Amino acid sequence: KAGVTQTPRYLIKTRGQQVTLSCSPISGHRSVSWYQQTPGQGLQFLFEYFSETQRNKGNFPGRFSGRQFSNSRSEMNVSTLELGDSALYLCASREPGTSAEDTQYFGPGTRLTVL
Amino acid sequence: GENVEQHPSTLSVQEGDSAVIKCTYSDSASNYFPWYKQELGKRPQLIIDIRSNVGEKKDQRIAVTLNKTAKHFSLHITETQPEDSAVYFCAATPFGDKVIFGPGTSLSVIP
């Protein structure tokens, strides 16, 4: 099976803009989680989607949102970008996805730079 | 709240020596503890995991121990090799519904 893919791999935006990132999970995986990775904060959980519904949410402001489509592909959106949003955004999928104890497989990430 | 602490933040060892990374978690409802390895410029990958009904698990040179009473777990790497150099993340699963990661340990194995 193909692994988790993310597009685009790199993005440069300016403050105040918005951005949409995409994640395609491994075929058959219904759970997709998003993480923000920064040098100082490690891997911070953003949210998780399962069968098109947000199942869990981390402690991020409402500017961060996401959705999942019927084919399990997921997008996350960040509005009104701030300098501090510069980070590597990773998504991860798991099967069957009904429990956090199922093994997660990560995508390569999208490197977002906000100028 | 849900929190995973990890120590040390950086670790340097000579090739062939052992490396130990320790984590503590705050939520006693966690029952699953995975460890991920992230090499420079690459995605995190699961290297070993342990569930709360087991005290220790080994996979070749890697082992993980869990003390649920004390709420801490550790990663042990024996006979370290240069390719073990990476950032290692521990994680816990509060209430089994999401994965919370520790801040990471940067391991350098010196040839």
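So you know, we letter chains A, B, ... as the sequences are listed, proteins then strands, and number each from 1. Predicted model only: the values in this text are computed from it and were never measured.
Proximity to chain B among residues 106-115 of chain A is limited to A/Phe106, A/Gly107, A/Pro108, judged by heavy-atom separations below 4.5 angstrom. Contact residues of residues 73-83 of chain A toward chain B are absent (heavy-atom distance under 4.5 Å).
Enclosure of atom CZ in A/Arg15 is not indicated, since only 12 or fewer non-hydrogen atoms of other residues, nucleotides or ligands lie within 6.0 angstrom. Dense packing is recorded around CG of A/Asn71, with more than 12 heavy atoms of other residues, nucleotides or ligands lying under 6.0 Å away. Annotation: B/Glu83, atom CD; neighbour count of heavy atoms from other residues, nucleotides and ligands within 6.0 Å is above 12. Environment of CD in B/Gln45: sparse, with no more than 12 heavy atoms of neighbouring residues, nucleotides or ligands closer than 6.0 Å. The number of heavy-atom neighbours closer than 6.0 Å to CD of B/Gln81, taken from other residues, nucleotides and ligands shown, is above 12. By the neighbour-count criterion of 12 heavy atoms within 6.0 Å, atom NZ of B/Lys42 is sparsely surrounded, having that number or fewer from other residues, nucleotides or ligands. The environment of NZ in B/Lys68 is crowded: more than 12 heavy-atom neighbours from other residues, nucleotides or ligands sit within 6.0 Å.
In the hydrophobic clustering of this structure, B/Val87 groups with B/Leu46; members are Ile, Leu, Val, Met, Phe, Trp, Tyr whose side-chain heavy atoms approach within less than 4.5 Å, directly or through other members. Both A/Phe45 and B/Tyr36 are members of a single hydrophobic cluster when ILVMFWY side chains are connected at heavy-atom separations under 4.5 Å. A/Leu90 and A/Phe60 fall into different hydrophobic clusters, where Ile, Leu, Val, Met, Phe, Trp and Tyr side chains are chained together by heavy-atom contacts under 4.5 Å. Under the 4.5 Å side-chain heavy-atom criterion for Ile, Leu, Val, Met, Phe, Trp and Tyr, A/Phe64 and A/Leu21 are members of the same hydrophobic cluster.
Contact annotation for A/Leu43: both backbone and side-chain heavy atoms come within less than 4.5 Å of a heavy atom of chain B. Contact of B/Pro44 with chain A is made through backbone and side chain together, with heavy-atom distances under 4.5 Å. In this structure, the portion of B/Gln38 lying under 4.5 Å from any heavy atom of chain A is its side chain and not its backbone.
Rounding to the nearest 0.5 angstrom, the gap separating the CZ atom in B/Phe89 from the CD atom in A/Gln37 is 4.5 Å. A/Gln104 contributes atom CD, which lies 10.5 Å from atom OG1 of B/Thr93 (distance to the nearest 0.5 angstrom). Atom CG in A/Asp102 sits 8.0 Å away from atom OH in B/Tyr32 (nearest 0.5 Å). B/Lys98 contributes atom NZ, which lies 13.5 Å from atom OG of A/Ser31 (distance to the nearest 0.5 angstrom).
Between B/Val99 and A/Tyr35, the closest side-chain pair of non-hydrogen atoms falls below 4.5 Å.
Residues passing the side-chain hydrogen bond (donor to acceptor under 3.5 Å, both in side chains) test with A/Gln44, sequence neighbours excluded: none.
Using a 4.5 Å cut-off between side-chain heavy atoms of Ile, Leu, Val, Met, Phe, Trp and Tyr, B/Val13 falls into a hydrophobic cluster with B/Val4, B/Leu11, B/Ile21, B/Tyr25, B/Phe33, B/Trp35, B/Ile47, B/Ile48, B/Ile50, B/Val54, B/Ile62, B/Val64, B/Leu66, B/Phe73, B/Leu75, B/Ile77, B/Tyr88, B/Ile100, B/Leu107, B/Val109.
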